[in-house]
Amino acid sequence: MDNHSLIERIKKENGEKELKEIYNLYRNEFLSWAVRNYSCSNEDAKEVFQQVMVIFYENIIVGKVTEITTQVKTYLFSIGKNKIQELLRLKTRRTSYSHDDYLMNTELFYGDEEDNYEEAVHKVNECMEELGDPCKSILVQYYYHRRNMQEIAETFNYKNSDTVKNLKYKCLQRLKKICEPELQALNIDRI
Amino acid sequence: MNNPMENIEKFDQYLQELLEEDQREDFEKKLENDAELKKDFLRHQVLVDGIKLHGRKALLDEMKSWDNEIKSIGFEPTEEKSISFFKWYYAAAAISIILVTIAVLYSSLNTGYDRIVASHYQPYTYISDIQRGEAIEENPTDKIFQYYDQGNYQQTVQLINEVPESQRSELMSFIQANAYQAMEDYERAIPIFDSIADSNSVYAFGSKWYLSLCYLSVDQPDKAVTLLNELKATNSSFAPKAEKLLNDLD
């Protein structure tokens, strides 16, 4: 697997197919390695591997990683080592550890890690379900998967990128309207 | 900037760091002076982060479905209940593994190094001056050390490789080797540690220590033992560590 073209395929097209191939290729080996070397449970190892894959994907789509000079496996396992150690540290410090601890413990978000900001972000996430498709998909494709307007137009068979731009704006306004009562209650407007 | 749609475009360009420096500064000044604009921007930021959280959760859910596919075709490792379908296969494989392991035990001293290395190895800790969680500094050198401090080893070596070799400091090379080692890329770590270990650098003793662990990881215990004996004879802080590791190897 050529690393450079793999990165380009993950970025430019919908990288899910490539990601799934890598996932299936290294998952079992990672689980066995994690359980053997760190005495963590199979469930914890699975959770960590999924986090590793998400980090791998996000690093590529936001441009943090533009080339991988080692094997992909080496890269994944080195992220995994840190994540396992982090998980084990968290578990010794807290009586309960939830998947959400990872979801918000991240470099993905623009805002500060304050309690009411985190809660606001979770509220928006919940409101996305109420928003429904096609708005949900368009917004996730643009903001999370970092596809450009033209790519989204082609994927969803819209006329052109201007159409998508207008749709994106309308979808954001709809989302804002759905979330507004919750966000006002949290008083996150810091001026 | 009174057109709401134009505002959204500008917010997105700013958040995705697509603005030139003068445009970014201009935008930040506008935010400072226009309370309504700043309120709209903060609201937009929350929405975008919520959308990204939704995307991440969806990706994680997708991966769980991939897990279920793997389980359904019986390829789940180490789970006792789910291997019943291939019980006979795993039994035969286990017997083969036991036989091979016995053969290996008689013919080589290679078993156990991974465990010994794991119990002695800690990645070199370099605490950058910048606090964790702060934005990555723009200065390339600070960026390197900050990435290393955060455990982003891939980004660390990527940035160091962009620095011409003649301009790399001793510390930079030492960090580079440590990053490779942390990623288990011993082929690249060893020559760098080797060259520092042979020099008068302040990192020479540290390089010998990490180099000895690298040699154990690639099953070259003789080279590791030579280095550890050299370290043991010094007054450095690595001397007691070297002695302990030599005892464990014995």
*Any chance you could measure B:D67, atom CG, to A:F49, atom CZ, to the nearest 0.5 Å?*
9.0 Å
_Part of B:Q16 within contact of chain A (heavy atom distance under 4.5 Å)_ = both
*Is the number of heavy atoms from other residues, nucleotides or ligands within 6.0 Å of CD (B:E162) greater than 12?*
yes
_Side chains of A:E16 and B:W66, heavy atoms from C-beta outward: is any pair under 4.5 Å?_
yes
*Where does A:K176 contact chain B at under 4.5 Å (heavy atoms): side chain, backbone, both or neither?*
both
*Distance from A:E118 atom CD to B:D49 atom CG, nearest 0.5 Å?*
10.5 Å
*Using only heavy-atom distances, determine whether the side chains of A:Y143 and B:D12 contain a donor-acceptor pair under 3.5 Å.*
yes
*asked:* Using side-chain heavy atoms (C-beta onward) and a distance below 4.5 Å, is A:L139 in contact with B:H54?
replied: no
*Check whether B:E62 gets within reach of chain A through its side chain, its backbone, both or neither, counting any heavy atom under 4.5 Å.*
side chain
*Quick one: closest heavy-atom pair of B:K52 and A:Y144, and the distance?*
O-CD1, 3.5 Å
*Determine the option with the most heavy-atom pairs under 4.5 angstrom with chain B, choosing from A:R36, A:E126, A:K165.*
A:K165
*Does any non-hydrogen side-chain atom of B:K64 lie less than 4.5 Å from one of A:K46?*
no
*Supply the atom-to-atom distance A:Y75 OH to B:M183 CE, rounded to the nearest 0.5 angstrom.*
9.0 Å
*Pick one of side chain, backbone, both or neither for A:L19, based on which atoms fall under 4.5 Å of a heavy atom in chain B.*
both
*Report the residue from B:L47, B:I51, B:L53 that forms a side chain to side chain contact (heavy atoms under 4.5 Å, CB included) with A:M128.*
B:I51
*Going from CZ on B:R43 to CG on A:L172, what distance comes out if it is rounded to the nearest 0.5 angstrom?*
13.0 Å
*Is B:E69 salt-bridged to A:K20, going by a charged N under 4.0 Å from an acidic O?*
yes
*Heavy-atom donor-acceptor pair, A:N82 side chain to B:G151 backbone, under 3.5 Å*: yes
*State, without any angle test, whether B:D185 and A:Q71 hold a side-chain donor-acceptor pair at a distance under 3.5 Å.*
no
*Atom OG of A:S78 and atom CD of B:Q154: how far apart are they, to the nearest 0.5 Å?*
7.0 Å
*What is the minimum heavy-atom distance between A:Y23 and B:M63, and which atoms define it?*
OH-O, 3.6 Å
*Flag yes if more than 12 heavy atoms outside A:Q150 fall under 6.0 Å of its CD atom; otherwise flag no.*
yes
*Nearest atoms (heavy-atom pairs only) where B:G55 meets A:V140*: CA-CG1, 3.9 Å
*asked:* Assess the residue pair A:N166 and B:M5 against the criterion (side-chain contact (heavy atoms from CB on, under 4.5 Å)); give the C-alpha distance rounded to whole Å, side-chain angles, the decisive distance to 0.1 Å, and a yes or no.
replied: CA-CA 8 Å; A:N166 287 330; B:M5 199 157 149; 2.9 Å; yes
*Out of curiosity, A:Y117 OH to B:Q45 CD, how far, rounded to the nearest 0.5 Å?*
4.0 Å
*asked:* Within the structure provided, determine whether B:E9 and A:K168 are in side-chain contact (heavy-atom separation under 4.5 Å).
replied: yes
*Name the region of B:L15, side chain, backbone, both or neither, that has any atom closer than 4.5 Å to a heavy atom of chain A.*
both
